[in-house]
A.B. asks: 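Quick one: structure below, then a few questions.
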Amino acid sequence: MARRTLIAGNWKMNGLGADGVALAKDVAAGAPAGVELLVCPPATLVARIAAAVAGSAVAVGGQDCHGKASGAHTGDISAEMLADAGAHYVILGHSERRTDHGETDAAVRAKTEAAWRAGLNAIVCIGETLAERDAGRTLSVLEAQLTGSVPSDASADRLVIAYEPVWAIGTGKTPTLDEVDAAHRHIRAVLGRLVSGADAVRILYGGSMKPSNAAELLAIADVDGGLIGGASLKAADFLAIAAAARS
Ligand code: PEP
């Protein structure tokens with residue numbers, strides 16, 4: 001089935017007001033037709049950037065949310081707050097959250113349910129470490145993370161999966177095209193058992209995607225877009241990746 005390509009930028013903990021707004025506006029000004037573009041700035045900038053790109057082809061997302069809608073959770077942000085600020089997506093279970101904040105699959109599942117409760121699209125991140133890959137466990141790790149992180153009553157229309165090998169994030173290293181293909185096929189097969197209408201779920205590749213390797217990665221059948229960290233901080237690079245998605 002035809003799935004609309006999604007090119008998503010994860011700005012991580014980068015961006016102050018003026019530069020962030022300028023970057024988002026540059027992305028909006030150069031957005032190619034036929035590709036869905038998303039920028040996920042730090043939470044402090046979601047509302048400003050949502051206002052800055054309103055009416056353009058660029059959507060805005062958060063990088064995390066709490067499982068609860070409100071309450072005594074100092075420093076946390078709810079999915080409802082992100083939606084209220086103008087977000088339409090939220091990244092969940094990024095490996096940096098899993099490592100820095102001890103997020104488990106169960107926590108990611110609760111956050112995914114929270115995202116849907118608030119009307120957001122959830123981008124659920126999974127990926128193996130280098131030790132797990134070297135031990136030949138990549139596909140079983142992905143299966144376990146998917147099974148633990150995706151709610152049992154998941155529906156396809158608000159779910160995006162990002163396959164991000166932990167060892168490829170920010171390192172300049174990427175799996176071979178055959179390895180990406182195998183991982184995405186496996187994710188699609190596991191989703192088929194977990195989610196009704198799994199064919200509609202987009203599976204993004206993330207991990208050192210850049211203009212020079214985007215076309216070959218995005219040409220893989222079950223790669224429906226990219227989650228981009230470093231290269232999303234320069235409009236020209238992010239837009240070049242988006243353009244590669246169309247070629
Ligand atoms: C990420 O952190 O989601 C990511 C893919 O980072 P990078 O593109 O910098 O590897």
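Any value given below was found using the heavy atoms of this structure, including those in side chains, with hydrogens, waters and symmetry copies removed.
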A.B. asks: Applying a strict under-4.5 Å side-chain criterion to I, L, V, M, F, W and Y, I'd like to know whether Leu227 and Val46 cluster together.
C.D. replies: no
A.B. asks: If you define the side chain from C-beta out and look only at heavy atoms, does anything of Ile187 sit under 4.5 Å from Ile126?
C.D. replies: yes
A.B. asks: Would you indicate whether Lys234, at its atom NZ, is surrounded by more than 12 heavy atoms from other residues, nucleotides or ligands within a distance under 6.0 Å?
C.D. replies: no
A.B. asks: Salt-bridge test for Asp224 and Arg3: reply yes if a basic N is under 4.0 Å from a carboxylate O, no otherwise.
C.D. replies: yes
A.B. asks: Among His94, Arg97, Arg98, which one satisfies side-chain hydrogen bond (donor to acceptor under 3.5 Å, both in side chains) with Glu103?
C.D. replies: Arg97
A.B. asks: So, taking the atom named CG in Asp76 and the one named OG in Ser70, what distance separates them when rounded to the nearest 0.5 Å?
C.D. replies: 12.0 Å
A.B. asks: Heavy atoms only: give me the nearest Thr174-Gly207 pair and the separation to one decimal.
C.D. replies: CG2-O, 3.3 Å
A.B. asks: Quick one: does Arg117's side chain have a donor or acceptor within less than 3.5 Å of a partner on Gly67's backbone?
C.D. replies: yes
A.B. asks: Decide yes or no for Cys65 and Ile77: does some side-chain heavy atom of the first lie under 4.5 Å from some side-chain heavy atom of the second?
C.D. replies: no
A.B. asks: Do you see a donor-acceptor pair shorter than 3.5 Å between the side chains of Gln63 and Trp11?
C.D. replies: no
A.B. asks: Going from NE2 on His66 to CG on Leu82, what distance comes out if it is rounded to the nearest 0.5 angstrom?
C.D. replies: 12.5 Å
A.B. asks: Step by step, work out the side chain to side chain contact (heavy atoms under 4.5 Å, CB included) result for Ile91 and Asn10.
C.D. replies: CA-CA 8 Å; Ile91 299 169; Asn10 174 11; 3.9 Å; yes
A.B. asks: If we only count heavy atoms from C-beta on, is the Asn14 to Pro42 side-chain gap below 4.5 Å?
C.D. replies: no
A.B. asks: Looking only at heavy atoms, what is the nearest atom pair of Ala231 and Asp237, with distance?
C.D. replies: O-CB, 3.5 Å
A.B. asks: Calculate, to the nearest 0.5 Å, the distance between atoms CG and CD1 belonging to Leu204 and Ile123 respectively.
C.D. replies: 6.0 Å
A.B. asks: With a 4.5 Å cut-off on side-chain heavy atoms, are Ser232 and Val39 touching?
C.D. replies: no
A.B. asks: Looking at Leu6, Ile7, Thr5, which hits side-chain contact (heavy atoms from CB on, under 4.5 Å) with Leu37?
C.D. replies: Ile7
A.B. asks: Using a 4.5 Å cut-off on heavy atoms from C-beta on, say whether the side chain of Val150 contacts that of Val108.
C.D. replies: no
A.B. asks: How about Glu96 and Thr99: does a side-chain donor come under 3.5 Å of a side-chain acceptor?
C.D. replies: no
A.B. asks: Shared ILVMFWY cluster between Tyr89 and Met81, side chains joined below 4.5 angstrom?
C.D. replies: no
A.B. asks: Is a side-chain donor or acceptor of Gln145 paired with a backbone partner of Gly127 at a separation under 3.5 angstrom?
C.D. replies: yes
A.B. asks: Evaluate the ring planes of His184 and Tyr163, with Trp represented by its six-membered ring, and classify them as parallel (under 30°), tilted (30 to 60°) or perpendicular (over 60°).
C.D. replies: perpendicular
A.B. asks: Answer whether the closest heavy-atom distance between the side chains of Ser95 and Ile169 falls below 4.5 Å.
C.D. replies: yes
A.B. asks: Between Ser78 and Ala69, is there a donor-acceptor pair closer than 3.5 Å when you use the side chain of the first and the backbone of the second?
C.D. replies: yes
A.B. asks: Treat each ILVMFWY residue as a node, draw an edge where side-chain heavy atoms are under 4.5 Å apart, and state whether Leu191 and Ile220 are in one component.
C.D. replies: yes
A.B. asks: So, Arg109 and Asp105, do they make that salt bridge, N to O below 4.0 Å?
C.D. replies: no
A.B. asks: Please report the interatomic distance CG(Asn121) to CG(Leu159), rounded to the nearest 0.5 Å.
C.D. replies: 9.5 Å
A.B. asks: Do you know which two heavy atoms are closest between Gly226 and Leu218, and how far apart they sit?
C.D. replies: N-CD2, 4.1 Å
A.B. asks: Which is it for His88 and Val60 under the side chain to side chain contact (heavy atoms under 4.5 Å, CB included) test, yes or no, and what are the steps along the way?
C.D. replies: CA-CA 6 Å; His88 288 94; Val60 180; over 6 Å; no
A.B. asks: Determine the sole option in Arg193, Arg188, Arg137 for which the salt bridge (Lys or Arg N to Asp or Glu O under 4.0 Å) test with Glu143 is passed.
C.D. replies: Arg193
A.B. asks: Please test Asp64 against Lys111 for salt bridge (charged side-chain N to carboxylate O under 4.0 Å, His left out), starting from the C-alpha separation and ending with a verdict.
C.D. replies: CA-CA 8 Å; Asp64 176 49; Lys111 288 167 185 251; 2.8 Å; yes
A.B. asks: Specify the closest pair of heavy atoms between Gly20 and Leu45, including all atoms of both residues, with the distance to one decimal.
C.D. replies: CA-CD1, 4.3 Å
A.B. asks: Which is it for Val58 and Leu38 under the side chain to side chain contact (heavy atoms under 4.5 Å, CB included) test, yes or no, and what are the steps along the way?
C.D. replies: CA-CA 5 Å; Val58 177; Leu38 169 68; over 6 Å; no
A.B. asks: For residues Ala243 and Pro32, report the shortest heavy-atom separation together with the two atoms involved.
C.D. replies: N-CG, 4.3 Å
A.B. asks: Taking the side chain as every heavy atom from C-beta outward, state whether Ser149 and Thr112 have any atom pair closer than 4.5 Å.
C.D. replies: no
A.B. asks: On a heavy-atom basis, which atom in Ala114 and which in Ala79 lie closest, and how many Å separate them?
C.D. replies: O-CB, 3.4 Å
A.B. asks: Ignoring hydrogens and geometry, is there a side-chain-to-backbone donor-acceptor pair from Glu113 to Ala110 under 3.5 Å?
C.D. replies: no
A.B. asks: Between CG of Asp222 and NE2 of His186, what distance do you get to the nearest 0.5 Å?
C.D. replies: 12.5 Å
A.B. asks: Assigning hydrophobic clusters by single linkage (Ile, Leu, Val, Met, Phe, Trp, Tyr; side-chain heavy-atom cutoff under 4.5 Å), is Leu139 placed with Leu177?
C.D. replies: yes
A.B. asks: Report yes if the side chains of Leu146 and Leu194 come closer than 4.5 Å at any heavy-atom pair, otherwise no.
C.D. replies: yes
A.B. asks: Begin from the C-alpha positions of Arg158 and Leu120 and carry the test side chain to side chain contact (heavy atoms under 4.5 Å, CB included) through to its verdict.
C.D. replies: CA-CA 7 Å; Arg158 289 275 167 87; Leu120 297 177; over 6 Å; no
A.B. asks: Treating Ile, Leu, Val, Met, Phe, Trp and Tyr as nodes and any side-chain heavy-atom pair under 4.5 angstrom as an edge, say whether Val166 and Leu92 lie in one connected cluster.
C.D. replies: no
A.B. asks: If I take atom CG from residue Leu217 and atom OG from residue Ser208, how far apart are they, to the nearest 0.5 angstrom?
C.D. replies: 10.0 Å
A.B. asks: Just by modelled atom types, is the Val21 backbone N or O under 3.5 Å from a matching donor or acceptor in the Arg48 side chain?
C.D. replies: no
